[in-house]
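Sequence lines set the chain letters: A, B, ... in the order given, protein chains first and strands last, and positions in each chain run from 1.
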Amino acid sequence: MPIKIEHLNYVYNQKTSFATAALNDISLEIREGDFLGVIGHTGSGKSTLISHLNALTRIQSGVIFVDDMDLRPKKIDFKKLRSKVGMVFQYPEYQLFAETVYKDVAFGPENIKLPEEEIAKRVEEAIGLVGLDFSSIKDRSPFELSGGQMRRVALAGVIAMKPEYLVLDEPTAGLDPRGKTEIMQLVKNIAATCKSVIMISHNMDEVAEYCNRIAVLSQGKLYGVYEPRELFRSRELLKSLKIDVPAVTALAAGLNERGFNVDPSIINEEELIEAVRAEYFGRKAQ
Amino acid sequence: MREITLGQYYPVKSVLHRMDPRMKLIIMVLYIVMIFFIKTFIGFGIVLIFLALTIALSHVPLLKVLKSLKVIIILVIFTVVMSVLFYNGTAEDLIWSAGILKIYKEGLLNAGRMALRLVFLVLGPTMLTFTTTPVELTDGLESLLKPLSYIKFPVHELAIIMSIALRLIPTLVEETDKIQSAQKARCADFESGNIFKRAKAMIPVLIPLFVSSFRRADDLADAMDSRCYRGAKGRTRMKKLKVHFRDFAALFVMCVFFFAVLWLRYNFFPALIDLSAIPWII
Ligand SMILES: Nc1ncnc2c1ncn2[C@@H]1O[C@H](COP(=O)(O)OP(=O)(O)OP(=O)(O)O)[C@@H](O)[C@H]1O
Ligand SMILES: [Mg+2]
């Protein structure tokens, strides 16, 4: 089992008057090949949960294994863990610091003391993977790039460490619709090079389209782990959790309500187009 | 780190929390001046009554107040030890000696007074910050310093700089936290190595922090501009500071204590009660 979380609890500012319980008895397994979506309202504990995975937040109670690494002991091999679990924070462009894009992307690999040639190879590869042109961008200052480019550079900085697990906290926050699709496409490509991907998102369209499993958090508790189709089909559940449905699903459901023969649990564009076309030609033939 | 406010405002409801910050500032200045007039333990006793009254009225737990003394404990101990050891008294005052070390009774008393003075000097302003938000404090300060603006002293500008700085400190702390986490996730190491290595390790944190501070300052300036901010001229306030009866009552109480301390020091009415004749006033 690649990542295994058992009975995880976490309280911020423990033993003070400001104590806030952030996680409550979370048990979750992440399998190889998973593209796990983590959804839930603001403050439901998503960020707290994922920051446990590379030991940025230390376990207060509970168990986490990443492959065969036990994250409970006080002293663990942080470098090994953090190059294994790559983490991309919300608005990662604000972590850029070096004079050139090359140096910034090389920061991670340098920290794990890779040989020079290996670093050069990885940096070039990573910059390519995020859809930027290596030779023209490598010597530019990251601060003179556009927001979208900066985010790609930051993403490259994480994947240059060749993480086996990629953890993303709202990778598309604050981008325009086109920027969102582009970044998600990149993430999908990168996902192919990793064992599994974990992504926090508030955007149900993305979650429905890219994830194969979805963990729903609510007030620090794990409400359940669902397949996208299963989750977005159960309207009662969504309503009680105040989660939106993806735009395509909403459209399909609307059509279905108005008497068209379209499956209301459709979760991606192609299926919807296919269903509408079938319905259209079906009606025309009658 | 999210809950950090500068200073240590303790958010409860009490009459002290409701008081006008200007009056609290004035009272605090009087209090500090008062401490310097005290020469006797009875005098410190008077201040203790005043402080006890303040703490009781403020609804701040006593333990919390005492904890603020943690920062000066070393200083107090150092002062006491030094002043006991280096006091030069008269022979009949000597109570203990070993070689060059001589301890005098008056030296001990003197050290005790010094320690009490330090403690009381910290506790007063502590009570002010416990019961007054930084914003109220700057507002109060601005209002008190207003007369200086007639001699072209930029009172309003200073106040706005102060309140912006106070407002941004928690944000910056949070931001530092975030950037540091992001760099740690890329295996940055802030904990090991000598001091130079550690300082160098902070560069990947400080640069993004500076960049975002400048960006934030720019944004803030734009936001203020677009809401027609143009300094103190013609500016009114949403929350007008108002002095109530309770403020004057507090000032009156302060004055009574101040008078008591002065009386103790200068023995105003020797004909009525001759304080200098009372042996236990030391
Ligand atoms: N550094 C902190 N100090 C104190 N409390 C915190 C801290 N970080 C988070 N919390 C609290 O822990 C709870 C969970 O926060 P968390 O950031 O994990 O939520 P989230 O699901 O990621 O929210 P969002 O969707 O807004 O990112 C919240 O109640 C939050 O107020
Ligand atoms: Mg979050």
Contact winner vs chain B - A:Glu110, A:Arg82, A:Lys79, heavy-atom pairs under 4.5 Å = A:Arg82
Given the options A:Thr57, A:Asp104, A:Asn54, A:Val88, which has more heavy-atom pairs under 4.5 Å with chain B than any of the others?
-> A:Asp104
Under a 4.5 Å heavy-atom cutoff, which of B:Ile179, B:Val211, B:Ile203 has the most pairs with chain A?
-> B:Val211
So, the part of B:Ser212 with a heavy atom under 4.5 Å from chain A: the answer is neither
Does the distance from a Lys or Arg side-chain N to an Asp or Glu carboxylate O, for A:Asp67 and A:Lys4, drop under 4.0 Å?
-> no
Which portion of A:Tyr12 sits near chain B, non-hydrogen atoms under 4.5 angstrom | neither
Is chain B contacted by the side chain of A:Leu96, its backbone, both, or neither, given a heavy-atom distance below 4.5 Å?
-> backbone
Go through the steps to decide whether A:Met87 and A:Phe89 satisfy the test side chain to side chain contact (heavy atoms under 4.5 Å, CB included), and finish with yes or no.
-> CA-CA 6 Å; A:Met87 187 156 308; A:Phe89 285 85; 3.9 Å; yes
May I ask you to establish whether B:Arg215 and A:Tyr94 are in a cation-pi arrangement, using a distance under 6.0 Å from NZ or CZ to the six-membered ring centre and at most 45° from the ring axis?
-> yes
Which side-chain N or O atoms in residues 53-67 of chain B pair as donor and acceptor under 3.5 Å with protein atoms at least two apart or in another chain?
| residue | atom | partner | partner atom | Å |
| --- | --- | --- | --- | --- |
| B:Thr54 | OG1 | B:Phe50 | O | 2.7 |
| B:Ser58 | OG | B:Ile55 | O | 2.8 |
| B:Ser58 | OG | B:Val60 | N | 3.2 |
| B:His59 | ND1 | B:Lys13 | O | 3.1 |

Quick one: which of A:Glu206, A:Lys180, A:Glu182 gives a side-chain hydrogen bond (donor to acceptor under 3.5 Å, both in side chains) with A:Thr172?
-> A:Glu206
